[in-house]
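To start, the structure itself, in structure tokens.
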Amino acid sequence: MIPFLNTWPYELIQQDVYFHDCPLCGKSQVLLPLRRKDLPDLISGVKRLLVLPCCLNKLTIVGADRDYLLANQPLRNLR
Ligand SMILES: [Zn+2]
């Protein structure tokens, strides 16, 4: 069971992966240092450290599905 609090939706625009807004600082349209081709690894559970370009906070991504990234920490209700 995936903890919903640890999820955050992403968006794909061609090969790029975006957050509509950053869970940590609230900036909109954040281009993530990920590519579409990286998603299958994330979905299969390969861990990946993500440095958010907007606020330089680090997130450890531990999973994903077609709509959400899963972090090892809560991402919701932080602001
Ligand atoms: Zn941010």
Side-chain angles (χ1 to χ4, degrees):
M1 180 77 187
I2 289 179
F4 181 71
L5 282 176
N6 291 21
T7 64
W8 199 253
Y10 65 85
E11 294 172 13
L12 289 168
I13 301 177
Q14 298 183 5
Q15 301 308 310
D16 295 327
V17 186
Y18 286 83
F19 281 159
H20 181 260
D21 59 334
C22 173
L24 301 173
C25 75
K27 187 175 187 305
S28 58
Q29 286 300 105
V30 176
L31 175 62
L32 300 177
L34 282 179
R35 306 286 282 169
R36 181 187 289 266
K37 66 178 169 55
D38 297 323
L39 289 170
D41 274 356
L42 294 176
I43 289 169
S44 68
V46 176
K47 292 192 175 102
R48 177 151 178 162
L49 184 68
L50 207 61
V51 179
L52 295 165
C54 43
C55 51
L56 303 182
N57 283 302
K58 297 184 179 76
L59 291 180
T60 301
I61 303 301
V62 297
D65 66 14
R66 287 174 51 191
D67 300 305
Y68 294 94
L69 297 183
L70 174 67
N72 69 343
Q73 66 176 76
L75 298 177
R76 294 180 186 268
N77 306 328
L78 298 179
R79 285 186 274 125

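Just follow the structure's listing: the first ligand is 1, and inside any ligand the first atom is 1.
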Item to check | Protein N, O or S within less than 2.8 Å of the Zn ion (ligand 1), waters excluded | outcome: C22 SG, C25 SG, C54 SG, C55 SG
Checklist outcome for this item: Taken to the nearest 0.5 Å, the spacing of L32 CG from L50 CG works out to 5.5 Å
Checklist entry - Could you state the interatomic distance from CG (N6) to CG (L75), rounded to the nearest 0.5 Å? => result 6.0 Å
Checklist entry - Would you say Y10's side chain and R66's backbone share a donor-acceptor pair under 3.5 angstrom? => result yes
Checklist entry - So, for V51 and K58, which heavy atoms are closest and what is the spacing to 0.1 Å? => result CG2-CG, 4.0 Å
Checklist entry - Ignoring hydrogens and geometry, is there a side-chain-to-backbone donor-acceptor pair from W8 to D21 under 3.5 Å? => result yes
Checklist entry - Salt bridge between D41 and R48, side-chain N to carboxylate O under 4.0 Å? => result no
